[in-house]
There are 2 protein chains.
Amino acid sequence: MPVIPSGALGALDPTSDRAVFRQIADQLREAIDKGRFSEGDKLPSETELVEHYGVSRMTVRNSLSVLQGEGLVFSEHGKGVFVRPRPPVRRLASDRFARRHREQGKSAFTVEADAAGSHPTVDNLEVKEERPSQDIATRLGGPRRVLARHRRYLLDGRPVEFATSYLPLDIARGTQIAEPNPGPGGIYARLEELGHRLDHFEEEIRARMPAPSEVRTLRLAAGVPVIHLIRTAFDTGGRAVEVCDTVMAADAYVLAYQLPAT
Amino acid sequence: MPVIPSGALGALDPTSDRAVFRQIADQLREAIDKGRFSEGDKLPSETELVEHYGVSRMTVRNSLSVLQGEGLVFSEHGKGVFVRPRPPVRRLASDRFARRHREQGKSAFTVEADAAGSHPTVDNLEVKEERPSQDIATRLGGPRRVLARHRRYLLDGRPVEFATSYLPLDIARGTQIAEPNPGPGGIYARLEELGHRLDHFEEEIRARMPAPSEVRTLRLAAGVPVIHLIRTAFDTGGRAVEVCDTVMAADAYVLAYQLPAT
DNA sequence: GAGGTAAACTCGTATAGACGAGTAGGTGGG
DNA sequence: CCCACCTACTCGTCTATACGAGTTTACCTC
């Protein structure tokens, strides 16, 4: 029978004002931070913690739920509670949409994933005409209807982001952009072929906790936020030709940008 | 005695596989999403929910803790559970460190806050020499010791971010950069006066749940992630002259960047 | 009217128990 | 040897209860 590693966890301080479940959470957190439990390790079971601390099971569960909310641990029904591993992060560089990359003929996601040695997949592909939300319509200059390209990206089978691109119908309708497979280089390559030479992109970044549907789509663990990125592509005429709305698992990404000092 | 608004919440489905506390959370979430409870509104008390649904109080609390984890509601001891308002966000534009702003003589934070009509404060100012972490040292080219400028920013009394700037001692020691008040235009203005003309910045962005100390420093509500931003400033010689490590309340910010398409 | 106090409300913490459901390992039968 | 089953262990859900602590309200006293 597994036992709590001696010294890994201390005793409660009955004189402390701090709630018992917080003291237990503190000790577990400290043990994780100090490496006494490593990534992927199983924590002591609820029963073991109950016996070790002499408290009721709900108190122990309360402690563990604190750590789950902090994203430190996750639980698996029937197995145990484990230290959440930090998955490898995908670094999005600010030149990722540079024309030179597009001209290679592969999509940005695929190129990067291949370079990182992981297996990329695109999923849930759906392309249709829609009425845009107020926000999307405003960004695109107010069209009544748009072409929407929905998709989900996975790395080695793990969903890491899902995104929807919105394009004005006068640009996209009837072109290869309206096809499920937009061809080599992606829709940005098609836009340029159609005469919409791209000038720059604007990206807006927010972070927040996921809605339940986002938890399902990205198979998010408890305590993992999402990064919400909205990118607008402008052509050399200053027109917004595409808006891409992306939700990413925050534990899978680092975004990198370069800013001029001028 | 306050009563649950009729029709705001439905009944449970006993035939459903979905756990009772999840069904209750779903109904509350839907009521919030549909505006039947608005920002700042008080939800029905735990006791009222217990009576409405005919479940035990722990089940109701479980439901509410789900919504807290999603950042939808917050609770106040003795008062009730309330729909979390979306605070006004501060938009950080990608030109916020442009030289023309610096030459106005005020810090970026102060200028922006004034423009937005809110009252900025800087707090917890501490300037000292330190041994840098491995990561900071690497970014700065490996110095053994650095000057660290710690500070916290508040808007209208609310803490929104805290940051530490790290500078190599050979640049900063003995200059106004090592003083608590770095003078008009901030340390970037001083760096340029000292001959380190700035060329560009690199920013790395991550999002994650806050550590307990970050929750205290930023007075974060449950279910609010932080944005972790690491900025490195490079001079025209390509040398990293400063690294700024910033933790921001994610509900207070939207970051905006402009990317070239070239 | 002003003040203080008590009651009634809120959420926070903790206990003890029960049953369900998913997993893993061992045991036995084929 | 392999498969089926059983068992022990895991976390998930839910009940019922108790007391504490912060807030608000009402009332009573001065």
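All figures in this text were calculated on a predicted structure; none of them were measured in a lab. Sequence lines set the chain letters: A, B, ... in the order given, protein chains first and strands last, and positions in each chain run from 1.
What separates CG of B/D17 from C1' of C/dA21 is a distance of 12 Å, to the nearest Å. For the pair B/E46 CD and C/dA8 C1', the interatomic distance rounds to 16 Å; values are reported in whole Å. We find that CZ of A/F82 is positioned 11 Å from P of C/dT23, with the value rounded to whole Å. Between the C1' atom of C/dG12 and the CG atom of B/N62 lies a distance of 15 Å, rounded to the nearest Å. Atoms CZ (A/R61) and C1' (C/dA18) sit 14 Å apart, rounded to a whole Å. Rounded to whole Å, the distance from CZ on B/F21 to C1' on D/dC11 is 12 Å. Protein atom NZ of A/K42 is 6 Å distant from nucleotide atom P of D/dC11, rounded to whole Å. Regarding B/R18, its CZ atom lies at a distance of 15 Å from the P atom of D/dG12, rounded to whole Å.
Using a 4.0 Å heavy-atom cutoff across all strands shown, A/R22 reaches sugar-phosphate atoms only and no base atom.
Taking side-chain N and O atoms only, A/S75 has no distance below 4.0 Å to OP1 or OP2 of D/dC11. Look at A/T59 and you won't find any side-chain N or O under 4.0 angstrom from OP1 or OP2 of C/dT13.
Other residues, nucleotides and ligands contribute only 12 or fewer heavy atoms inside 6.0 Å of the CZ atom of A/R131.
Between A/F74 and A/F82, the gap from one ring centroid to the other is short of 6.0 Å.
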Notebook entry, point to check: What string of B, S and - do you get for nucleotides 17-22 of chain D, 5' to 3', when a contact is any protein heavy atom under 4.0 Å?
Noted result: -B-BBB
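For the 3.5 Å distance criterion, the side chains of A/Y257 and B/E204 fail to qualify, holding no donor opposite an acceptor. A/H150 and A/E130 share a side-chain donor-acceptor pair at under 3.5 Å.
Between the A/E203 side chain and the A/I230 main chain, no donor and acceptor come within less than 3.5 Å of each other.
Ion pairing between a basic and an acidic side chain is recognised when a charged N comes within 4.0 Å of a carboxylate O; A/R216 and A/E214 show no such pairing. Salt-bridge formation is detected for the pair A/D26/A/R18: a Lys NZ or Arg NE/NH1/NH2 atom is positioned less than 4.0 Å from an Asp or Glu carboxylate oxygen.
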